[in-house]
**Student:** 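Mind having a look at this structure? Questions to follow.
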Amino acid sequence: MAKKAAGRPAKYWLFKSEADCYSIDHLAKEKNQTTFWDGVRNYQARNMLRDDVQPGDGVLFYHSNSDPLAVAGICEVVRAGYPDHTAFDKSAQHYDAKSSPDNPTWYMVDLKLVKKFEQQVTRDQLKAEPALDKMVVLQKGSRLSIMPVTAEEWKTVCRLGGVKLPM
DNA sequence: GCCAACGTTGGC
DNA sequence: GCCAACGTTGGC
């Protein structure tokens, strides 16, 4: 467990990834099971990565555009927001000419895998849970790839995933 | 600064 | 594959 961010209790987030593109199994194979979360190109999500997401925060790893749609496990933020260098790389998929090292537009954080759920928690399960009916990811039209999660929602999803009060 | 057109996301 | 929702672009 990384040390907590100074000055505030842990917050919780949901990070979306297309399972075809980068799934929790990819993360599990990374060195130290840690990766940088690059490619976010949306200002609202950027603001959260840059300003709000802190080491020690909990992250639900959600598979979008996959079958099944599901929370696959939980991660921990191990590095706070810093410039997304893939935006500077012309050969990268998410290259952005408007972002420069001197004045970066886009940010990323580092994530470490905490636990892949034995049984992933499907979107249908989430929807069936009254405690989660306000969860941002379940709201119609919510397309952000980074979303806030309440402590209650975090606990509920962890319980559904068979993880006992991990953090 | 408005808003129509367009592109993308992502659940279904 | 469809389409609703949303973000961005660009003409005016």
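Since this is a predicted model, take the numbers as computed values, not measurements. Convention: sequence-line order gives letters A, B, ...; per-chain numbering from 1.
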**Student:** Do A:Tyr62 and A:Val157 touch side chain to side chain, with heavy atoms closer than 4.5 Å?
**Tutor:** no
**Student:** Could you check which of C:dA4, B:dG10, B:dT8 has an atom nearest any side-chain atom of A:Lys140?
**Tutor:**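 Selected nucleotide: C:dA4.
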**Student:** Mind calculating the distance between CG (A:Leu138) and P (B:dG11) to the nearest angstrom?
**Tutor:** 10 Å
**Student:** Measure from CG on A:Asn65 to P on B:dC12 and round the result to the nearest Å.
**Tutor:** 12 Å
**Student:** Would you mind reading off the distance between A:Met147 atom CE and B:dG10 atom P, rounded to a whole angstrom?
**Tutor:** 8 Å
**Student:** Quickly work out the A:Arg143 CZ to B:dG7 C1' distance and round it to whole Å.
**Tutor:** 9 Å
**Student:** Could you check how far CG of A:Asn42 sits from C1' of C:dG7, rounded to whole Å?
**Tutor:**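 About 8 Å, once rounded to whole Å.
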**Student:** Roughly, in whole Å, what's the span from CG in A:Leu14 to C1' in B:dT9?
**Tutor:** 15 Å
**Student:** Check for me, please, whether A:Met108 and A:Leu60 land in the same ILVMFWY cluster - side-chain distances under 4.5 Å, paths through other members count.
**Tutor:** no
**Student:** Can you tell me the distance, in whole Å, between the CG atom of A:Asp67 and the P atom of B:dC12?
**Tutor:** 12 Å
**Student:** Got A:Leu160 and A:Leu132 here, is their nearest side-chain heavy-atom distance under 4.5 Å?
**Tutor:**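 Side-chain contact under 4.5 Å: yes.
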**Student:** Just one of A:Asp84, A:Asp96, A:Thr86 clears the side-chain hydrogen bond (donor to acceptor under 3.5 Å, both in side chains) bar with A:Trp106, so which one?
**Tutor:**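 That would be A:Asp96.
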**Student:** Would you please confirm or rule out a distance under 4.0 Å between OP1 or OP2 of C:dG7 and any side-chain N or O of A:Arg41?
**Tutor:**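 So the side-chain polar atoms of A:Arg41 never come under 4.0 Å of the phosphate oxygens OP1 or OP2 of C:dG7.
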**Student:** Distance check: side-chain N/O of A:Lys16 vs OP1/OP2 of B:dG10, anything under 4.0 Å?
**Tutor:** yes
**Student:** Using whole Å, report how far NE2 of A:His94 lies from P of B:dT9.
**Tutor:**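 Value for this atom pair: 8 Å.
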**Student:** Hey, is the side chain of A:Tyr43 poking within less than 4.0 Å of OP1 or OP2 on C:dC6, counting only N and O atoms?
**Tutor:**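 No, outside the criterion.
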